[in-house]
Structures are given as structure tokens and as C-alpha cells.
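Report on the structure given below.
So you know, we letter chains A, B, ... as the sequences are listed, proteins then strands, and number each from 1.
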Protein chains: 2
Amino acid sequence: MRKENSTNTLNKRQMEMDCGMSYTLAAIGGRWKPAILWRLTHGKLRYSVLRDAIPQVTERMLVLQLRELEKDGLIKRIVYAEVPPRVEYELTAKGKSLTPILQNLSDWGEKNR
Amino acid sequence: MRKENSTNTLNKRQMEMDCGMSYTLAAIGGRWKPAILWRLTHGKLRYSVLRDAIPQVTERMLVLQLRELEKDGLIKRIVYAEVPPRVEYELTAKGKSLTPILQNLSDWGEKNR
DNA sequence: CAGCATCCAACACGATACTG
DNA sequence: CAGTATCGTGTTGGATGCTG
């Protein structure tokens, strides 16, 4: 790593750009997060439905990514006190605000791949 | 991995969404790609300028990510037949078309972190 | 039903040294 | 100036089996 030069004024706008983007990419960048978020855009889904809607994901990864999305405040986990257990996942307002961005990413990908 | 059920019609729109997004995220998702792309939005930059504009990156990673961006057609590498050598990097049209999307990602990140 | 625990492989990324 | 080469590490994610 090179030494950082104090006269090197990489300006504030650039750092904020990097920073904001890193945050967003970390939030949606997991291997299965886009798939999960997209499935949830049309409403609440039960764990088993979500799982069956993304057949390629292992349960381990599904749960891990759901937990991260929850921790980042993008989805809400709703546990019903029933037997057998029922758990549903739903986008939060923050999560919903990502929808147009996900759409943009998808559109760009479809057009350019 | 669960066995894929042939009656499980995960519909075509969903698969295209995932697919397009995966493609886009792979294109911009590298650790330093957003930083590189952003630096290039205002025009051609020389290798050493780019390097000094992102002091945290090692040369190894910078070159690797530049090569991938080039392979994906987002940037163009221009080598001048001079001594000492000079190399410049520039966004392609495809790369430029990402700018508004990067801006969205940055804005969302700034607002929500 | 909705997970968790364990083990393991692949890869991304960093540090450091060297070069056409 | 603009890179390569080599080595080492931490994280990501997959396979498999078990559980409140």
C-alpha cells in the first residue's frame, strides 16, 4: 500500500461517492440478495415459498442472507406463534425504496449482456 | 441443494430479473470498480493519475480490476507508443451508460447509511 | 416448518518484491 | 511509467446432516 499524501486532495465528493456506493453494494451485493429482494417486491412471503421460489439456493445461504438483509433493515421477519411454526418475510420501507434501483440494475443487465 | 421440481414454474420474468441483476452486479461489483468507474466519468485518465486518485488500492488490485472492466467492455485501454510508456483509460459508451446507475447507488447509500 | 451446526473448497484480496 | 510474480490470509459459499 502506498503512503497517503496529505497534499493529495482527493476531494470530498469522490469519497462520498465511493462510500455511498460501497454501502449500497454491500447491502444488495450478496449472492442471493437480489433474488430475495425481488421475490419480496410483490408482498410478504413465507419462508418455504421463498425457498421454493429460488431453487438454486441452499437453505444455509438463504437463511444467512435473510439474516443480513434483516440486520441491514431491508426486510422484516415476522414469526407467528403457531404450531407448526410459520415465518414470513416482508420488505421494510427502506427495502422498498430499493425497488427502482434493482429494476435499473436488471434493465441495464438485460440490455447489455 | 434441493432437487429442482419441474412443476415449479419459477416464471420467466423472475429469472430475467435475477439474471440481469447478476450480470450488472458482476460488472460493477468488484471491490474497486465503482471507484475506478467514478473517477473516469469526467474523462480519460492516465494510469498513474488513477492510481494516485485511489490511494487505498494496491497496484495489483487496480490492474486486475482494470483488466476486468476492459474485458467487460466498460473501459478502453489506450497505449501510446512512447518512451516512457503512457497508458490511458477511458469509459466506453457502455461504461458511460452506467453513470446514472452509479449515481443512484451512491445517492441511496448516502441517504440510508 | 423453519431452521442450525460442522466441515471444507474456491476465490477475492492484500503485502511485498521485482521488471520491460 | 506501468505494470508482473509470488505468497499468504480471510471471507464466501457449498454439501451434508441434525433439531426445536
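Proximity of a side-chain donor or acceptor of Lys94(A) to a complementary backbone N or O of Asp72(A) within less than 3.5 Å is detected. Remark: side-chain polar atoms of Arg51(A) are not paired, donor with acceptor, to backbone N or O of Glu59(A) under 3.5 angstrom. Thr24(B) places a side-chain N or O within 3.5 Å of a backbone atom of Gly109(A) that can act as its donor or acceptor partner. Without hydrogens or angle criteria, Thr92(B) side chain to Leu74(B) main chain gives a donor-acceptor distance under 3.5 Å.
Between the P atom of dA12(C) and the CG atom of Leu64(B) lies a distance of 10 Å, rounded to the nearest Å. A straight line from CD of Gln56(B) to P of dG14(C) spans 10 Å, rounded to a whole angstrom. Summarising the geometry, the separation between CD1 on Ile36(B) and P on dC13(C) is reported as 11 Å, rounded to the nearest angstrom. Summarising the geometry, the separation between CG on Leu25(A) and P on dT12(D) is reported as 14 Å, rounded to the nearest angstrom. Between the C1' atom of dG10(D) and the CE atom of Met61(B) lies a distance of 14 Å, rounded to the nearest Å. Between the CZ atom of Arg31(A) and the C1' atom of dT11(D) there is a distance of 16 Å, given to the nearest Å. In this structure, Ile54(B) places its CD1 atom 16 Å from C1' of dG14(C), rounding to the nearest Å.
For the helix from dC1(C)-dG20(D) to dG20(C)-dC1(D), the angle separating the two terminal helix axes comes to 60°, with each axis derived from five pairs and the value rounded to 10°.
Between Glu90(A) and Arg77(A) there is no salt bridge, since no side-chain nitrogen of the basic residue lies less than 4.0 Å from a carboxylate oxygen of the acidic one. Between Glu70(A) and Lys76(A), none of the side-chain N atoms (NZ, or NE/NH1/NH2) sits under 4.0 Å from a carboxylate O, so this pair counts as no salt bridge. Between Arg46(A) and Asp52(A) there is no salt bridge, since none of the side-chain N atoms of the basic residue sits less than 4.0 Å from a carboxylate O of the acidic one.
Between Gln65(B) and dA12(C) there is no side-chain N or O to OP1 or OP2 distance below 4.0 Å.
Residues Tyr47(B) and Val49(B) share a single hydrophobic cluster, defined by chaining ILVMFWY side chains whose heavy atoms lie under 4.5 Å apart.
When only modelled atom types and interatomic distance are considered, Tyr80(A) and Glu88(A) share a side-chain donor-acceptor pair under 3.5 Å.
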* Asked: What does nucleotides 2-9 of chain D look like as a protein-contact string, B for base, S for sugar-phosphate only, - for none, at under 4.0 angstrom between heavy atoms?
  -> SBS-B---

